[in-house]
Amino acid sequence: MVFAPGITITNFNFILKEIFAMKKYSITLLTIVLFIVSGFVVFAADAPIKIGASFSEFDIERWPREAALMTDLGNKIGAQVIIQVANHDVKLQNDQIENMVLQGVDVIIILAEDGAAAATAVDQAAEAGIPCIAYDRLIKSPNLACYISFDNVEVGRTQARGILKVKDSGRFVLLGGSPTDNNATLFRQGQMEILQPLIDSGQIEVVADQWVPNWSNSEALKIMENILTAINNQVDAVVASNDGTALGAIQAMKAQGLTGKVPISGQDATLAGCKSIVEGEQTMSVFKDIRLLTPMAIDMAVKFAKGETPEELKDFTLAELTLDDKLKGTVPCKFLKVVGVDKESMYDVVIKSGFQEYDEVYKDIPEKDRPPKD
Ligand code: GAL
């Protein structure tokens with residue numbers, strides 16, 4: 001917290017210690033100092049809260065959308081929001097976070113490219129008295145102010161259930177998310193909770209399992225092309241971990257005449273993902289209403305900037321959040337609900353909620369085949 005431009009709690013204590021160490025202080029001097037400080041405090045009380053927001057990248061539909069919403073919501077309450085994007089560059093993101101601390105932000109919201117590497121930046125910010133919120137993706141530091149996201153294990157369960165609804169046996173391909181994104185670990189945990197019993201019984205056979213760096217659509221295309229070659233197109237279902245990688249895999253499947261025959265999951269209910277679903281290529285997605293997560297992030301950021309602690313947080317251990325028992329410490333968390341969406345539920349879940357536009361999602365569907373607009 002900043003008392004006044006340049007005066008933080010840390011150096012304010014230093015000033016007081018120097019004064020009282022002087023021993024020869026007089027009541028007059030003390031009065032003058034307290035008068036000056038109180039003036040600063042009054043002045044600073046009106047200084048706008050400075051919120052830093054560090055994004056790993058803007059490649060995926062949701063991130064620029066959430067950054068714009070953060071800026072809009074922050075400005076509406078008189079806060080200054082500083083957005084920075086690291087374009088998947090792990091070192092650049094840590095440098096950007098460090099610079100935000102030097103610029104005197106009061107709190108930082110971070111969408112991490114690498115949840116392990118970003119811990120260094122979080123620890124340094126915490127050392128300087130600046131709270132950090134891990135936004136949607138965990139950062140592996142016990143010095144986080146909090147981690148807010150969706151129920152990512154339930155995302156994985158929902159993806160697996162969405163596939164089994166269409167195909168509950170045979171040869172399955174698993175496409176994991178980015179290896180540096182702890183969410184991908186949680187999605188996979190949920191997927192395997194549902195799939196493992198069927199694998200153990202031999203009803204399902206996992207014929208390929210690869211994780212897609214940076215959640216890259218083009219990487220997913222290449223990976224799926226190689227998998228299809230290796231298994232001679234003998235695949236019955238694909239559990240992909242988000243819409244972008246699903247759409248990359250669908251491109252590879254289309255070239256082999258497999259789309260519409262081999263179910264494939266996704267996540268984020270992106271416009272491209274929802275279009276693919278109503279057009280019969282992607283099978284399902286998971287709707288996560290970011291219009292709830294972003295306001296929560298701004299609300300919590302303001303509270304932390306004022307030295308307050310949001311009530312609705314619950315502690316989780318880093319070990320249970322990462323499935324890594326070597327990690328010690330706990331993080332206050334809040335997780336929002338998720339909803340599976342497929343062709344049948346698209347209108348009610350995604351369109352009626354206003355998350356995606358009817359005319360955009362059904363653009364290439366003949367009018368007679370579209371669901372009626374309410
Ligand atoms: C994950 C996030 C997903 C998805 C993915 C990239 O961290 O939880 O919702 O956005 O990144 O598509």
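Whatever order the structure lists them in is the order used to number ligands and atoms, beginning at 1. Note that the coordinates shown come from a computational prediction; the quantities given were computed from them, not determined experimentally.
Side-chain contact check for Phe355 versus Cys274: every heavy-atom pair is 4.5 Å or farther apart. Two residues are said to be in side-chain contact when any heavy atoms from C-beta on lie closer than 4.5 Å; Asp268 and Lys288 meet this criterion. Side-chain contact between Leu102 and Asn99 is present, with heavy atoms from C-beta onward closer than 4.5 Å. In this structure the side chain of Cys333 never reaches within 4.5 angstrom of the side chain of Lys314, judged on heavy atoms.
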Please give the N or O to N or O pairs under 3.5 Å between ligand 1 and the protein, distances rounded to 0.1 Å.
residue: ligand 1; atom: 7 (O); partner: Arg137; partner atom: NE; Å: 2.7
residue: ligand 1; atom: 7 (O); partner: Asp181; partner atom: OD2; Å: 2.5
residue: ligand 1; atom: 7 (O); partner: Asn183; partner atom: ND2; Å: 3.2
residue: ligand 1; atom: 8 (O); partner: Asp136; partner atom: OD2; Å: 2.8
residue: ligand 1; atom: 8 (O); partner: Asn183; partner atom: ND2; Å: 2.8
residue: ligand 1; atom: 8 (O); partner: Lys288; partner atom: NZ; Å: 3.1
residue: ligand 1; atom: 9 (O); partner: Arg62; partner atom: NH1; Å: 2.8
residue: ligand 1; atom: 9 (O); partner: Gln267; partner atom: OE1; Å: 3.1
residue: ligand 1; atom: 9 (O); partner: Asp268; partner atom: OD1; Å: 2.6
residue: ligand 1; atom: 9 (O); partner: Lys288; partner atom: NZ; Å: 2.6
residue: ligand 1; atom: 10 (O); partner: Asp268; partner atom: OD1; Å: 3.4
residue: ligand 1; atom: 10 (O); partner: Asp268; partner atom: OD2; Å: 3.0
residue: ligand 1; atom: 11 (O); partner: Arg137; partner atom: NH2; Å: 3.0
residue: ligand 1; atom: 12 (O); partner: Asn242; partner atom: ND2; Å: 2.6
residue: ligand 1; atom: 12 (O); partner: Asp268; partner atom: OD2; Å: 3.2

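Salt-bridge check for Lys334 with Glu311: failed, with every basic side-chain N at 4.0 Å or more from each acidic carboxylate O.
Ring-plane geometry between Tyr358 and Tyr362 is classed as tilted, the angle between the planes lying from 30 to 60 degrees on a 0 to 90 degree scale.
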